[in-house]
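Report on the following structure.
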Amino acid sequence: MRDSLDLIVIGTGIAGLAAARQARQLNLGTLTFEPQFFGGLVINVNHLDGEIEGSGSELAASMMMEIADLGAQSVNAAVNAIDRDGDLLAVHADGEVYRARAVIVASGARLKRLGVPGEADFIDRGVSQCADCDGPLYGGKDVVVVGGGDSALQEAMVLAGYVRQVHLVHRRETFRARQQLVDQLAGHANIAVHWNTEVEAVLGTQGVEGVRVRTSGTAGRPANARDIACAGLFAYVGLEPECGFVPAAAERDADGRLITDARLRTTLPGIYAAGAVRSGHGGMLSHAIADGVAAATAVKTAIGA
Ligand code: NAP
């Protein structure tokens, strides 16, 4: 079985699931790898923002069932390395080697942490990165959300439905998030935006009790440091790609994401990348699905199986 594979898909977030589904529809012998739970970051989203009906976990579960029905095989293991074995690629996972004619890296990205004092001490004791899962724990309390991108605004609005007050702390004076989310934010009376402000430390004893912030000076207003009392801290300050197992020879951008061409080929023969792990990924669910489909289609064209 292992030597007869056409394709290995690494990661079963939405891009990987879309790639595996397309690959099976094109009749490629396909195996997926996933170290944790299928679905990727989207399983933390209860409402998919009108892009697609339902929740992230419902979408992932239905795609997972589809690829199983289509005959894709799945291995629950972390990939440690990829190297070449003659005409094939060898994927190393949990002491085993799996060979295929092509590999699609769809291992996604993880949420970055702030890296400030106190943050690591209070993970799951007030420091969270899942608004939909943990929001209900903060009913009637205040929370701080950090960031100015789509994630921070979207999750601040999710939290606003549960908590007394959301303090949205952003280091600049304009948001990077798309305008639709910026417009929606204005409709939430219990979200206060703290512009030009950065979190310096997370404060507390048994759990989070507040954050120390510093606001940079502007014309007519000096810089100041102060504490914001809160029971929870949710940092959405960007993503870092999960591709440490891909050979260092594969070119990456300044953020460590894999560089691909128009056919989603990385700079290493036979290795493709799809979704948030690749440079230039659009960031929306529809982009992840399109990436998966495009990469699997490119593999089919290349290997002609
Ligand atoms: P992002 O777009 O990279 O935004 C990160 C935000 O965090 C930026 O506002 C950045 O500030 C700020 N930041 C970065 N490092 C910081 C630090 N150390 N301290 C304080 N602030 C910091 O990340 P994202 O919002 O997670 O989005 C990632 C991708 O997913 C994007 O492509 C996005 O469009 C996509 N996404 C889409 C949806 C959707 O379609 N519904 C939802 C969520 C995310 P600056 O602005 O100053 O750089």
Side-chain angles (χ1 to χ4, degrees), residues 11 13-15 18 39-57 59-60 106-120 127-133 144-159 166-185 191 193-202 211-216 218 225 228 233-242 253-258 260 273-291:
I14 297 303
L41 284 177
V42 82
I43 62 169
N44 295 329
V45 180
N46 279 351
H47 301 285
L48 290 174
D49 199 15
E51 263 196 87
I52 293 172
E53 284 296 306
S55 70
S57 49
L59 173 67
S107 40
R110 56 183 168 269
L111 291 167
K112 284 186 196 165
R113 296 270 179 197
L114 281 173
V116 298
E119 184 186 38
V127 170
S128 168
Q129 290 183 303
C130 186
D132 270 308
C133 341
V144 165
V145 173
V146 188
D150 286 350
S151 299
L153 270 64
Q154 186 169 289
E155 304 309 320
M157 288 187 276
V158 168
L159 287 164
V166 177
H167 296 277
L168 178 55
V169 170
H170 181 36
R171 65 183 180 182
R172 290 189 297 126
E173 58 189 358
T174 51
F175 287 129
R176 160 189 303 271
R178 60 198 151 92
Q179 193 56 42
Q180 184 196 356
L181 293 173
V182 176
D183 293 343
Q184 287 171 5
L185 193 81
I191 301 179
V193 182
H194 302 257
W195 302 107
N196 298 311
T197 301
E198 293 193 58
V199 171
E200 292 190 325
V202 184
V211 294
R212 177 146 306 146
V213 298
R214 176 173 294 276
T215 300
S216 55
T218 51
I228 299 175
L233 171 72
F234 294 76
Y236 293 103
V237 291
L239 304 172
E240 46 198 2
E242 296 262 19
D253 68 13
D255 295 319
R257 297 180 172 89
L258 294 166
T260 53
V277 77
R278 81 169 180 90
S279 186
H281 172 62
M284 295 180 72
L285 213 43
S286 52
H287 298 137
I289 293 171
D291 264 21

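All of these numbers come straight from a predicted model, not from anything done at the bench. Each ligand, and each atom within it, is numbered from 1 in the order the structure gives.
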If we only count heavy atoms from C-beta on, is the [X] to [Y] side-chain gap below 4.5 Å?
| X | Y | value |
| --- | --- | --- |
| E240 | R110 | yes |
| V202 | L114 | no |
| D291 | R278 | yes |

Given S151, S286, G282, which one has a non-hydrogen atom that is nearest to atom 26 (O) of ligand 1?
S151
Heavy atoms only: which of Q180, R176, R171 lies closest to atom 15 (N) of ligand 1?
R171
Of all the heavy-atom pairs spanning [X] and [Y], show the shortest one and how long it is.
| X | Y | answer |
| --- | --- | --- |
| R257 | L239 | NH2-O, 3.3 Å |
| L41 | A109 | CD1-O, 3.5 Å |
| H167 | I228 | CD2-CG2, 3.5 Å |
| D150 | A177 | OD1-CA, 3.2 Å |

Given that the side chain starts at C-beta and the backbone is N, CA, C, O, which of these parts of [X] lies under 4.0 Å from ligand 1, counting heavy atoms, or is it both or neither?
| X | value |
| --- | --- |
| Q154 | side chain |
| K112 | neither |
| L239 | side chain |
| Y236 | backbone |

Looking at ligand 1, would H281 count as a contact under a 4.0 Å heavy-atom criterion?
no
State the atoms of ligand 1, each with its element, that fall below the 4.0 Å cut-off from a heavy-atom position in [X].
| X | answer |
| --- | --- |
| R172 | 45 (P), 46 (O), 47 (O) |
| G283 | 30 (O), 32 (O), 35 (C), 36 (N), 37 (C) |
| G147 | 7 (O) |

Evaluate N44 against D132 for side chain to side chain contact (heavy atoms under 4.5 Å, CB included), listing each step before the verdict.
CA-CA 6 Å; N44 295 329; D132 270 308; 5.7 Å; no
Polar atom proximity, L111 to ligand 1 (N or O, under 3.5 Å)
no
